[in-house]
Amino acid sequence: MAMIPVVLTIAGSDNSAGAGVQADLKTMSALGVYGLTAVTCVVAEVPGRVSRIAPVDAEVVSEQIRLSLEAFPVAAIKTGMLHSGAVIEAVVDALEQSGFEGALVVDPVMVATSGARLLEASALGSYRERLFPRAALVTPNLDEVGVLWGRPVTSREAMREAGRELAARYGAAFLVKGGHLCGEVAADLLVTSSGAERWYESPFVRGVSTHGTGCTYSAAVASGLGKGLGLEEAVGEAKRFVSRAVAGFLRWPGKGKAGGTDALHHFAVVD
């Protein structure tokens, strides 16, 4: 019997299933890996609005991770919304105690697309001191890069400067996600821990109001690494996947704040 690679997501639960562990599981299934979850918090949200966050006890988060790593041959892990310093510490402790040696992808979730804060201010130090140095890849968006770098990112050159500095500081590769910064092109920059750089580009899709692209992107990279792809190849597969999910977006008219509700299409047909 063929062994399907196993990937664990440590993230929040999104009732609208566009982000968080729900989006991660869709991504993992679409990319041919078996997804496990360790839920860090329960979030009441829909695209454009976060209503309430209920954290899961850090010991429960740790136990979910421990049991998953005991029972399954987990090849890669991604973290998403961790919310608090206590949970970040619990995650790192659980990984260290288990002896996990696979690839770790860290999506440093800080602010939702709606603008809602998703990370306690006191937790940033735990990211920097304990989680980033363990990561194979960190995947911040421009707002998160601005927080980590200490100044806003407003150009491709600034993306390069920030990526280089952060990769050198933490000894981990950084994927700086450019969003709409580059006009008609959605451009992302991978800077490895050795300083190598590679750009990934796709057409920027306008008129879409989805959420969960960051979750989907990092889950896709973790899936690729779990399948044994190299980092550059895994990021390329993930870029194609998330671009396709955005371009093939789903829409339900008549509801939502903007008169309709959009969602990523994680099972859009491959060209």
Side-chain angles (χ1 to χ4, degrees), residues 9-31 35 37 39-56 78-83 105 107-120 139-147 175 177-188 202-223 238-269:
T9 171
I10 306 170
S13 171
D14 167 22
N15 60 277
S16 70
V21 296
Q22 289 87 344
D24 294 344
L25 288 177
K26 292 176 188 178
T27 299
M28 293 170 184
S29 295
L31 291 174
T37 65
V39 178
T40 61
C41 51
V42 177
V43 185
E45 68 175 323
V46 292
R49 183 187 178 197
V50 175
S51 178
R52 189 165 183 175
I53 299 173
V56 172
K78 72 143 284 189
T79 66
M81 182 178 172
L82 301 181
H83 188 57
V105 177
D107 183 14
V109 177
M110 299 178 187
V111 182
T113 303
S114 63
R117 283 196 64 87
L118 301 178
L119 179 72
E120 294 178 354
T139 64
N141 61 31
L142 292 183
D143 290 335
E144 292 157 353
V145 172
V147 172
L175 179 64
K177 298 177 293 189
H180 62 274
L181 177 64
C182 301
E184 297 304 313
V185 176
D188 309 316
S202 65
F204 184 77
V205 181
R206 299 192 179 278
V208 185
S209 181
T210 63
H211 73 313
T213 53
C215 304
T216 297
Y217 207 157
S218 56
V221 175
S223 297
K239 177 67 170 178
R240 292 188 294 273
F241 180 82
V242 74
S243 298
R244 188 169 65 243
V246 173
F249 71 97
L250 303 170
R251 173 169 290 167
W252 294 269
K255 292 189 176 182
K257 293 178 66 174
T261 301
D262 292 351
L264 298 174
H265 192 343
H266 291 89
F267 299 98
V269 177

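Counting from 1, the numbers follow the sequence of the chain as shown.
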- prompt: Can you tell me if D107 uses its side chain to pair, donor with acceptor, with the backbone of T79 under 3.5 Å?
  reply: no

task: Rounded to the nearest 0.5 Å, what's the gap from CG on D24 to CG on D14? Could you check?
output: 10.5 Å

- request: Using atom types as modelled and distance alone, determine if a side-chain donor or acceptor of H83 lies under 3.5 Å from a backbone N or O of L118.
  value: yes

field: Step-by-step side-chain contact (heavy atoms from CB on, under 4.5 Å) determination, Y217 to T139
entry: CA-CA 8 Å; Y217 207 157; T139 64; over 6 Å; no

message: Would you say that C215 contacts Q22 through its side chain, given a criterion of any heavy-atom pair below 4.5 Å between the two side chains?
response: no

field: Backbone N/O of M81 and side chain of T40: donor-acceptor pair under 3.5 Å
entry: yes

Any pair counted as salt bridge (Lys or Arg N to Asp or Glu O under 4.0 Å), so long as it reaches residues 203-216, sequence neighbours left out: E184-R206

- prompt: Step by step, would you call V43 with N15 a side-chain contact (heavy atoms from CB on, under 4.5 Å)?
  reply: CA-CA 7 Å; V43 185; N15 60 277; 5.8 Å; no

message: Any heavy-atom pair between the side chains of H266 and T216 that's under 4.5 Å?
response: yes

- prompt: Which heavy-atom pair separates K177 from D188 by the least distance, and what is that distance?
  reply: CA-OD1, 3.3 Å

Non-hydrogen atoms of P55 and C41 that approach each other most closely: CA-CB, 3.8 Å

query: Which heavy-atom pair separates A263 from W252 by the least distance, and what is that distance?
result: CB-CZ3, 3.6 Å

query: So, for T261 and P47, which heavy atoms are closest and what is the spacing to 0.1 Å?
result: CG2-CG, 4.0 Å

Salt bridge (Lys or Arg N to Asp or Glu O under 4.0 Å) partners for K26, two or more places apart: none

- line: Smallest heavy-atom separation, K78 atom then S218 atom, equals NZ-OG, 3.0 Å

statement: Closest non-hydrogen atoms of V21 and A11, given as atom of the first, atom of the second and distance, are CG1-O, 3.5 Å

